[in-house]
Amino acid sequence: MNEHDITTPKENEPETFVRFNVSQRVEHVLLMLAFIGLCVTGIPQRFYGESWASWLIVAMGGIETARLMHRFFAALLVLESLYHVAYIALGLLRGTQEPHMIPRLQDFRDALNMLRYSLGVAPRQPKFDRYDYRQKFEYWGLVLGNLIMIATGIVLWFPVTMTQIVPGELVPAAKEAHGGEALLALLVIVIWHLYSVHLGPVHFPGDISIFTGRISKEKMIEEHALEYARVVGITGDKITTSLEITPSPSAGPEGGLISPEREH
Amino acid sequence: MMPSFARTAEVIGVAFGLLVFLLLLVSGFPGSAPAIEGAPPLQDGTPHPVEGRGDCLACHGAGSAKPVPPSHTGRPNTTCLACHPAVPAAPVDAPPRPSPENPAPSAPPQSFAVQGDAECMACHAQPLDLTFANGQKLSLRVDADAFGSSVHGGKLGCGDCHANISQVPHAKTRATSLREYVTAQYEVCKRCHFANYTKTLDSVHYQVMSTGERNAPVCTDCHSAHTVAQPNEPRIKISEACGRCHVQVYADYRTSVHGSALRAEDNKDVPDCTTCHGVHDIYSATSASFHLSSTDLCASCHSDEKMMDKYGISANVLQTYLDDFHGRTVNFARQEARTIWTDKPVCVDCHGVHDIKKANDPESPTIKANLLQTCQKCHPTATANFSAAWLSHYEPSLQKSPIVYLVKVYYWALIPMMIGGLVLHILLDLWRLARNR
């Protein structure tokens, strides 16, 4: 199944596009549940000395209960992650998916161009494909963080078994990493994810395409112009000329975007 | 006018009365016994019963409180009763205790009031036993010198504590055993030491006594009765007193790092029994709440940097414990119901309770050679690697646990960098949006 299916034929362009399929939407809900559950039951364990942490632990029914719940959500996260990996691996093998999340050189150019745009050096934002560099950054941050959390979590969950394989010092190191990575993940989600999909002026009060699965044509063109062009079949120069739907009123000083052509 | 014979009769009557008066003066009053040379007029016999007190001179010898007259010098015990017949013994049942509603009955007719300590000592300086119904004996002899050098010497007299005894012979005790006597008697201490007596009512000892266990200790068991001394001079005496009943605990304690320092040098810093267990309101040490809060008990000294510096010990042991998995759990558990026994270890679960050894003592359960065995008390399948997971109260550093230290540093640097970068990105974004308006 092609995830870029247009809901209506090309001649009569659709108002919305399917951005996320049911599996991806369910995955996001599961991930959200696991993440929130893990934070609520886990973060107070890291800040054990604070009174709010004690309050929260007692409110959850005590440390043993909180730990049990933490491990429940941990199991949920592990299962979700396994499903995610299996889903992508199968999709890639069967050719029903493309590796859109793979970071490319273009992503670094985009980041630089975005910086130039923000500083007023470039007149326009770069155009993005299905996932922009910020989304890729968040995704891979999550993947890496997840790997660290699951690996260290297993050490903390089964210290006796794990120390039959690894040196003992890795247990306190795992505890340190588990707490550090957890804090980092929480801050990234609270600061970055909430800004980019909820509180930022562009999406306020929230970009709900991850729940509905759909994205409007306007947003598609504005945020994922290259994907839109690919899906509807626009090629070449037309991409830059016909997809400029939000030219800045004060486009900033003269200057151009860094493009592959200019760099080479 | 009066007839003349009446006047004559009046004169004769007066003369007769004068004659009788004179006769009486000469011969003495009727009914008085003839005086015997050197002996006092005998009354009704001894002023007190003599049953069981064959040794009259024990109390009435020369130099005693009520000595026999000088004229009796040299007369043996056996002759006393010849002139001073014995009165019958007092009633066997002791009178009920005096109280406002039920004032003390007047003493038996043949008893006399005790005047002062010297009178008490006339008997109680001698070997004297009280035998109870069950055959147990209590020595009633009081060593006057020992009492004099006790904390009460010169301050209290016999009657201050033995206020219920005012007569000789004493009312018979109703106690049927020595222990019954002691547990009834100890309450006299509260007349002065009321605050400490009240505290004992909260103690685990009183709790045991209230179940009917007469062997639970009372004041005199720890402090003695007539030879009360400062209980903490030297301080090891406190623990020795506890050890009279808690034999095994004291045996463990006396060779522990704390007990041996107290014995050897009267060390001011180490705990004696009461430091941890309380003095008069000794609390149960087997309760969940005592177990949970015992970490603070240890920390009250072991977090004292000045004190720990003296011995070259880390004062950071509580913090490093709390930072570990066990400590965090216990710390949370004690904020919940304190009645639940946590299965996570507190200080004493690894270091030992009364037999705590120096950390580098070969017998210490926490020395490296013994550590795995200690871990296995709770983690039976643990291997040597597992015990190395414990950082031994060290804070991670490049020398101690470098991996842990580097992980710490990594996040210490990464988190602000990452979050700072993201916040900067957001601010730039907002700035551009604002300028575009």
Side-chain angles (χ1 to χ4, degrees), chain A residues 44-46 48-49 51 53-55 57-58 61-64 66-67 111 114-115 117-120 125 134 137 141 155-156 159-177 179-181 183-184 187-188 191-192 195-196 199-202 246 248-252, chain B residues 319 322-325 327-337 340 342-344 375 379-391 396 400-412 414-416 418-419 421-437:
Chain A
Q45 294 190 48
R46 185 179 191 279
Y48 60 92
S51 56
S54 299
W55 180 87
I57 292 286
V58 173
I63 180 65
E64 300 295 349
R67 245 178 219 146
M114 192 66 190
L115 181 64
Y117 167 70
S118 292
L119 292 173
Q125 288 193 38
R134 292 165 294 203
F137 169 81
V155 173
L156 297 176
V160 176
T161 313
M162 291 310 288
T163 47
Q164 285 166 357
I165 312 163
V166 300
E169 198 187 335
L170 287 192
V171 177
K175 182 167 69 67
E176 212 49 67
E181 191 65 32
L183 185 61
L184 179 62
L187 289 173
V188 167
I191 293 171
W192 182 247
Y195 171 78
S196 45
L199 302 178
V202 179
T246 51
S248 311
S250 57
Chain B
Q319 193 48 50
L322 288 176
D323 204 33
D324 180 68
F325 189 80
R328 287 189 196 192
T329 311
V330 168
N331 191 43
F332 280 124
R334 52 201 248 172
Q335 327 234 359
E336 301 157 28
I340 299 170
T342 178
D343 59 353
K344 303 296 180 294
C375 296
H379 306 279
T381 54
T383 52
N385 269 357
F386 178 78
S387 54
W390 165 238
L391 301 181
K400 298 274 178 193
S401 326
I403 302 176
V404 184
Y405 176 76
L406 290 174
V407 169
K408 246 182 146 153
V409 169
Y410 170 72
Y411 283 102
W412 178 82
L414 179 69
I415 292 177
M418 182 78 88
I419 300 305
L422 292 178
V423 167
L424 193 65
H425 194 303
I426 290 171
L427 290 177
L428 278 170
D429 232 32
L430 291 171
W431 186 64
R432 171 48 50 197
L433 281 163
R435 295 252 335 230
N436 285 355
R437 297 228 159 167

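To find a chain, count down the sequence lines: A is the first, B the second, and so on, and within it residues start at 1.
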Stepwise side chain to side chain contact (heavy atoms under 4.5 Å, CB included) test for W390(B) and V171(A):
CA-CA 8 Å; W390(B) 165 238; V171(A) 177; over 6 Å; no
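Other residues, nucleotides and ligands place more than 12 heavy atoms under 6.0 Å from the OH atom of Y48(A). Atom CH2 of W431(B) has more than 12 neighbouring heavy atoms from other residues, nucleotides or ligands inside a 6.0 Å radius.
Interatomic distance, S118(A) OG to I426(B) CD1, rounded to the nearest 0.5 Å: 12.0 Å. Within the model, atoms CG of L115(A) and CG of L424(B) stand 8.5 Å from one another, a figure rounded to the nearest 0.5 Å. The CG atom of L183(A) sits 4.0 Å away from the CD1 atom of I415(B) when rounded to the nearest 0.5 Å. Rounding to the nearest 0.5 Å gives a distance of 9.0 Å between CD of Q335(B) and OG of S51(A). Between the CG atom of L422(B) and the CZ atom of R134(A) there is a distance of 11.5 Å, given to the nearest 0.5 Å. Taken from CG in L187(A) to CD1 in I419(B), the straight-line distance is 4.5 Å, to the nearest 0.5 Å.
At least one side-chain heavy atom of H425(B) sits under 4.5 Å from a side-chain heavy atom of W192(A). The closest side-chain heavy-atom distance from E336(B) to E64(A) is not below 4.5 Å. For the pair Y195(A) and D429(B), the minimum side-chain heavy-atom distance is below 4.5 Å.
Looking at I340(B), there are no atoms closer than 4.5 Å to chain A (heavy atoms on both sides), in backbone or side chain. Neither the backbone nor the side chain of P396(B) comes within contact range of chain A; no heavy atoms are under 4.5 Å apart. Only the side chain of T383(B) comes within less than 4.5 Å of a heavy atom of chain A; its backbone N, CA, C and O stay farther away. Looking at M162(A), neither its backbone nor its side chain comes within 4.5 Å of chain B, counting heavy atoms on both sides. Only the side chain of L170(A) comes within contact range of chain B, with heavy atoms under 4.5 Å apart. F325(B) touches chain A through backbone and side chain together, each having a heavy atom under 4.5 Å away.
Judged purely by atom type and a 3.5 angstrom limit, N385(B) uses its side chain to pair as donor or acceptor with the backbone of V166(A).
Scanning both residues, L119(A) and L428(B), for their nearest heavy atoms gives CD2-CD2, 3.7 Å. Heavy atoms only, all atoms of each residue included: I403(B) and E169(A) are closest at N-OE2, 2.9 Å. Residues Q45(A) and R328(B) approach most closely at O-NH1, 2.9 Å, considering heavy atoms. Nearest heavy atom pair, residue L184(A) against residue L414(B), reads CD2-CD2, 3.6 Å. What you find for R432(B) and Y117(A) is that their closest heavy atoms are NE-O, 2.9 Å. Across every non-hydrogen atom of L391(B) and P172(A), the tightest pair is CD2-CG, 3.7 Å.
Each of A174(A), A66(A), G62(A), S196(A) has some count of heavy-atom pairs under 4.5 Å with chain B, and the biggest count is that of G62(A). For the set L406(B), T329(B), L433(B), the count of heavy-atom pairs under 4.5 angstrom toward chain A peaks at T329(B). Of the listed residues (V423(B), T342(B), N331(B), L430(B)), the greatest number of heavy-atom pairs within a distance under 4.5 Å of chain A belongs to L430(B). Counting heavy-atom pairs under 4.5 Å between each of M418(B), K408(B), H379(B) and chain A puts K408(B) at the top.
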